[in-house]
Amino acid sequence: MSLILSEQELVRRNSLAELYQLGINPYPQEAFKVDVTATQIHSEFPLKPEAFNQVSIAGRIMSRRIMGAASFMELQDSGGRIQVYFKRDDICPEEDKTLYNTVLKRLLDIGDIIGITGFVFTTQMGEITIHATSLKVLSKSLRPLPIVKEKDGVIYDAFTDAEQRYRMRYVDLIVNEGVKETFLRRTKVINSMRTFFNEKGYLEVETPILQPIPGGAAARPFITHHNALDIPLYLRVANELYLKRLIVGGFDGVYEFSKDFRNEGMDRTHNPEFTVMEIYVAYKDYLWMMDFTEEMLERVANEVTGGTSVEISGKVIDFQRPFKRISILDAIKEHTGYDVSGMNETELKDVCRKLGIETDEAMGKGKLIDEIFGGHCEHHYIQPTFITDYPVEMSPLCKRHRDNPELTERFELMINGKEIANAYTELNDPIDQRNRFEEQMMLSERGDDEAMFIDQDFLRALEYGMPPTSGMGIGIDRLVMLLTGQTSIQEVLFFPQMRPEKLRKAVSVQDFMKIGVSETWAAHVMKAGYITVESLQSEKAAVIQQKLNGYRKKNKLDIPAIQMDEIEGWLAGNTID
RNA sequence: GAUUUGUUAGCUCAGCAGGUAGAGCAUUUGCCUUUUAAGCAAAGGGUCCCGGGUUCGAAUCCCGGACAAAUCACCA
C-alpha cells in the first residue's frame, strides 16, 4: 500500500484531526441506541405515522445534498437507505452552530457512519425522510467510496471492476445494490436445507478437515504438515469416508455442510475451496435418494425464490418434481448414436477417436465413458435431470447395480448443463470395496493422479458392517448460483480466491532521511515521483536537481532550492542513523 | 495452460492522425432552509499498469512482463 495519500485521503485525515480538535471523538466507545431500521420506516410509516415521532437510527452516509442552512443525506443501514433532513437551527438550537456549519457541512463525508435521532415526515417531493434533531459521529471514513448513483432504476457509475469488487468485497457490499441479496439467499438456501434434514431427524455432524488420507473423491489435494506429529496432512477433498464411518457407528442419518479443498484450476465454476453438503441415510438406496433430492430441491427453490422456477442467462429452469431420469449409457446413445454398453477399453477409445475426444494411456473404461458424456451429453441437460447407472470403473465407492454388475447404482443430477449433485447406493461390501480401491491404485500407477488412495481404516470400519446406505453430495456454491441467477462462482463466495495482490513496497520519509535527505525535502522527494530510495539513487544528480527544483517551483514551495552537492551526498550511499 | 480483450483522476469512462493529458460524478472554496443521479460559479487532483525499444518527441506504435475479464482446455 502506498504511503502517498491521494488528495481526498489527505482531506479526510485533516477533517479527522479537526474533529479531535473540536473535542469530538470520531471513533466513540459507547454504544449507540438504534430503535428502527430504514426498511421498517419505509414499510410502516405510511400506515402508522404516529409511531415514528421519535426514532434513533445509525448508518453510513451515502450521499449529501447541502444547501445553506439545510441539507439532505442518504443514510444506509444493513437493510437499505433512508433520507435524512438536517436544519441548522434544529441540530444547533443554541448560539453555537459548529455542529452544523463545521462538522456536518465540512468535516463529514460520504462513507462516514453517523447516528441520528429525529422524527419521520414526508417531503414535498413525497419521499419519506427523517427530520434530524441530533447528530453523532460514530466512525470517520478515511477513504473515498466509489459513488454509485441511480435514477429511475438506471445505475450510473456502478463499481464494476471484478478484481476490485472481489478483493474489496466490503466496498462492493456497501455500494452495489443486490450484492447483499445474493449472500442473504445463499444463507437461506443453507438454512432451508438444514431445516429439511433436521425435520427428517438426521444429525448434523462435523468431521476432520485435516486428513491423513484425502479420500472420498478423485481429486488433487492440498498438502500441509503437522509439526508435532511430523506427518503430512491433507485438506479434505470430501468428507464421505468419515460420514460413512458414522453410519457404521449407528447413526441413521448424518449430514455435514463441508468446506472441501481441491488443488486444481480456477475459473468461473471452480474455486480452490468450496462448500459441499453430504448426507448419508441408513437402510435406503439411490432410488429413495432421487425422490429425497427432488423433494429437497423443490422445497429449497420455493423457500428461497417463492416459486419453483428460476431464470439464468435467459433460460428458465424448473425445480418442480419429478425430474427426468435417464441412464448414462442411454444418454450417450441418444446424443452420439453410439451404444457403448459392454464395450472394452479399445472399443471405447475407438469411439472417442470418432467423436474427436483426445485419449491417453492413463484413461481406463470409466474415464473414457466420462469423457464421452462430458463432451457430448452433459451440456444438453438444462432442466434438472438425473443421470443414472454409471459404469463400475467410474465409481469406486458405489454399490454394483442390482441388474447389471458392470454398472453401479449411482446418479448425478445435472442442471443447466452442470453437475450439481452426486449420489450412490453406498458400497458396504468390504471385500468388493478393497478390490475397487486396488483397481484405483492400478490407475494411479498408470498415471491418473486423481485416483483414490486406499484408506485402511475405512475398510476396517466396513468390515465391522455398514447397513445398506444411500449417500448424496450437492455442490452448494453451484446450487446458490442457480438460485441467484449468477453465472460465476466468485459472485456467490464472499471472498473468492485471488492471486495475491502485489503491494508496492511501502517507503517512508524516514527511509529517505537515512540517506541524508533533509526532513524538509523527504516528503517532497516522494511526491515528486521517487517512490523508492533505489529509484532516487539510480538517477543522475543533475536530473534529480532539475526535477526537484521544478517541483519546488510548480508547487510554490517556500524552501530554498536544492543544491548539487547536497544531492551528491544522497547518492554517495552513506546511511545515517 | 491457449486465445481474445482490457489496465488513463477516488469511481465510470473518453483520448490511440505519435506533438502541453480530458469529461461526468466525487473532492476543495463560495452561494442556496423540503432537495432527488439537487442546482449555480470557480478551483485542485494523474508514475496514462511495469520494463525495454522505435522516434527529435510515446498514454498512443513495437517487444517483453504483471494483473484482470471473457471464451476454450483441464476439473467425482
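Throughout, a chain's letter reflects where its sequence line sits, starting with A, and its residues are numbered from 1. Hydrogens, waters and symmetry mates are skipped; everything else that's a heavy atom, side chains included, is used.
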Worksheet item: Between the side chains of A:Glu278 and A:Tyr280, does any donor sit under 3.5 Å from an acceptor?
Response: yes
Response to the item:
A:Arg262 atom CZ is separated from B:A76 atom P, nearest whole Å, by 8 Å
Fill in: d(CD, A:Glu7; P, B:G44) in whole Å
10 Å
Discussion item. So does A:Leu493 get a backbone contact from the side chain of A:Arg169, meaning a donor-acceptor N/O pair under 3.5 Å?
Written reply: yes
Worksheet item: Looking at the side chain of A:Val11, which of B:A76, B:U28, B:C72 is the nearest nucleotide?
Response: B:U28
Practice prompt. Look at all strands and tell whether A:Asp161 reaches a base, only sugar-phosphate, or nothing, counting heavy atoms closer than 4.0 Å.
Written response: sugar-phosphate
Practice prompt. Considering only atom P, compute the distance from B:C74 to B:G65 and round it to an integer number of Å.
Written response: 25 Å
Worksheet item: Does A:Arg65 have a side-chain nitrogen or oxygen under 4.0 Å from the phosphate oxygens OP1 or OP2 of B:U36?
Response: no
Discussion item. Between B:G45 and B:U29, how many Å separate the two P atoms, rounded to a whole number?
Written reply: 15 Å
Discussion item. What is the separation between atom CZ on A:Arg165 and atom P on B:U12, rounded to the nearest whole Å?
Written reply: 11 Å
Practice prompt. Between B:C67, B:A76, B:G10, spot the one nearest the side chain of A:Pro144, thanks.
Written response: B:G10
Worksheet entry | Length of the line joining A:Leu104:CG and B:U33:P, which is rounded to integer Å | 15 Å
Worksheet item: Between B:A38, B:C25, B:C11, which nucleotide gets closest to the side-chain atoms of A:Ile147?
Response: B:C25
Worksheet item: Is there a donor and acceptor pair, one atom on the side chain of A:Glu150 and one on the base of B:A37, closer than 3.5 Å?
Response: no
Item to complete: Say whether A:Thr408 and A:Arg400, considering side chains only, have a donor N or O and an acceptor N or O under 3.5 Å apart.
Response: no
Item to complete: For A:Glu163, report the nucleic acid contact type (base, sugar-phosphate, nothing); a contact means any heavy atom under 4.0 Å.
Response: sugar-phosphate
Worksheet entry | Whole-Å distance separating the CZ atom of A:Arg143 from the C1' atom of B:A9 | 16 Å
Response to the item:
Looking only at heavy atoms, the pair that brings A:Ile213 and A:Ile454 closest together is CD1-O, 3.7 Å
Worksheet entry | Watson-Crick or G-U wobble mate for B:U5, both contacts under 3.5 Å | B:A68
Practice prompt. Have a look at A:Ala238 and say if it touches a base, only the backbone sugar-phosphate, or nothing, with a 4.0 Å heavy-atom cut-off.
Written response: nothing
Item to complete: For B:G10, give its Watson-Crick or G-U wobble partner with both distances under 3.5 Å, or none.
Response: B:C25
Item to complete: Compare side-chain N and O positions of A:Lys149 against OP1 and OP2 of B:A38 and report whether any pair is under 4.0 Å apart.
Response: yes
Practice prompt. Would you indicate what A:Glu419 reaches in the nucleic acid, counting non-hydrogen atoms under 4.0 angstrom: base, sugar-phosphate, or nothing?
Written response: base
Fill in: Nearest to side-chain heavy atoms of A:Ala70, which nucleotide of B:C72, B:U33, B:U34
B:U33
Practice prompt. Please name the pair of heavy atoms, one in A:Ile387 and one in A:Phe373, separated by the smallest distance, quoted to 0.1 Å.
Written response: CG1-CZ, 3.7 Å
Worksheet entry | Side-chain donor/acceptor of A:Asp112 to backbone N/O of A:Ser141, under 3.5 Å | yes
Worksheet item: For the side chain of A:Glu127, counting heavy atoms from C-beta on, which of B:A37, B:U34, B:U35 is nearest?
Response: B:U35
Item to complete: With RNA chain B as reference, determine whether A:Arg12 or A:Thr160 sits nearer its 5' end, using the nearest nucleotide of each.
Response: A:Thr160
Item to complete: Take the protein atom CG of A:Leu5 and the nucleotide atom C1' of B:G45, then report the distance between them rounded to whole Å.
Response: 14 Å
Worksheet item: Taking the side chain of A:Met67 as its heavy atoms from C-beta onward, which of B:A37, B:U27, B:A38 lies nearest to it?
Response: B:A38
Worksheet item: What are the two closest heavy atoms between A:Phe45 and A:Thr122, and how far apart are they?
Response: CE2-OG1, 3.5 Å
Worksheet, complete the sentence: Ranking A:Ala158 and A:Gln83 by the position along RNA chain B of their nearest nucleotide, the one closer to 5' is A:Ala158
Worksheet item: Between B:C25 and B:A66, how far is it from one P atom to the other, in whole Å?
Response: 39 Å
Worksheet item: So, the side chain of A:Asp77 versus the backbone of A:Gly80: is there a donor-acceptor pair under 3.5 Å, distance only?
Response: yes
Worksheet entry | Span that lies between the C1' atom of B:C67 and that of B:C50, in whole angstrom | 11 Å
Discussion item. Below the 4.0 Å mark, does B:A38 have OP1 or OP2 next to a side-chain nitrogen or oxygen of A:Lys151?
Written reply: no
Worksheet item: If you measure from the C1' atom in B:A37 to the same atom in B:U55, how many Å do you get, rounded?
Response: 45 Å
Worksheet item: With sugar-phosphate meaning primed atoms plus P, OP1 and OP2, does A:Phe159 contact a base, only sugar-phosphate, or nothing at under 4.0 Å between heavy atoms?
Response: sugar-phosphate
Discussion item. Just N and O in the side chain of A:Arg499: are any of them under 4.0 Å from OP1 or OP2 of B:A68?
Written reply: yes
Worksheet, complete the sentence: Testing B:A38, B:U33, B:A76 for proximity to the side chain of A:Tyr85, the answer is B:U33
Item to complete: Can you figure out which of B:C67, B:U33, B:U34 approaches the side chain of A:Thr123 most closely?
Response: B:U34
Practice prompt. For nucleotides B:A70 and B:U35, find the distance between their C1' atoms and express it as a whole number of Å.
Written response: 42 Å
Practice prompt. Mind checking A:Ile155 for me? I need base, sugar-phosphate or nothing, with any heavy atom below 4.0 Å counting as a touch.
Written response: nothing
Worksheet entry | Presence of A:Gln164 side-chain N/O under 4.0 Å of B:A68 phosphate oxygens OP1/OP2 | no
Worksheet entry | P gap between B:G6 and B:A17, integer Å | 14 Å
Worksheet item: Please give, in whole Å, the distance from B:A37 P to A:Arg81 CZ?
Response: 13 Å
Worksheet item: With a 4.0 Å cut-off on heavy atoms, is A:Arg88 in touch with a base, just the backbone sugar-phosphate, or nothing at all?
Response: nothing
Practice prompt. Give none if B:U55 has no partner; otherwise give the nucleotide forming a Watson-Crick or G-U wobble pair with it, both distances under 3.5 Å.
Written response: none
Worksheet item: Using the C1' atom in both, what is the distance from B:U12 to B:U7, to the nearest Å?
Response: 14 Å
Worksheet item: What nucleotide, of B:U27, B:C13, B:G10, holds the atom closest to the side chain of A:Arg64?
Response: B:U27
Worksheet entry | Paired nucleotide for B:C40 [Watson-Crick or G-U wobble; both distances under 3.5 Å] | B:G30
Practice prompt. Output the single nucleotide from B:U12, B:C74, B:A37 whose closest atom is nearest the side chain of A:Asp157.
Written response: B:U12
Worksheet item: Do we get A:Arg434 above A:Phe437's six-membered ring, with its NZ or CZ under 6.0 Å from the centre and within 45° of the axis?
Response: no
Worksheet item: Please give, in whole Å, the distance from B:C74 P to A:Glu371 CD?
Response: 6 Å
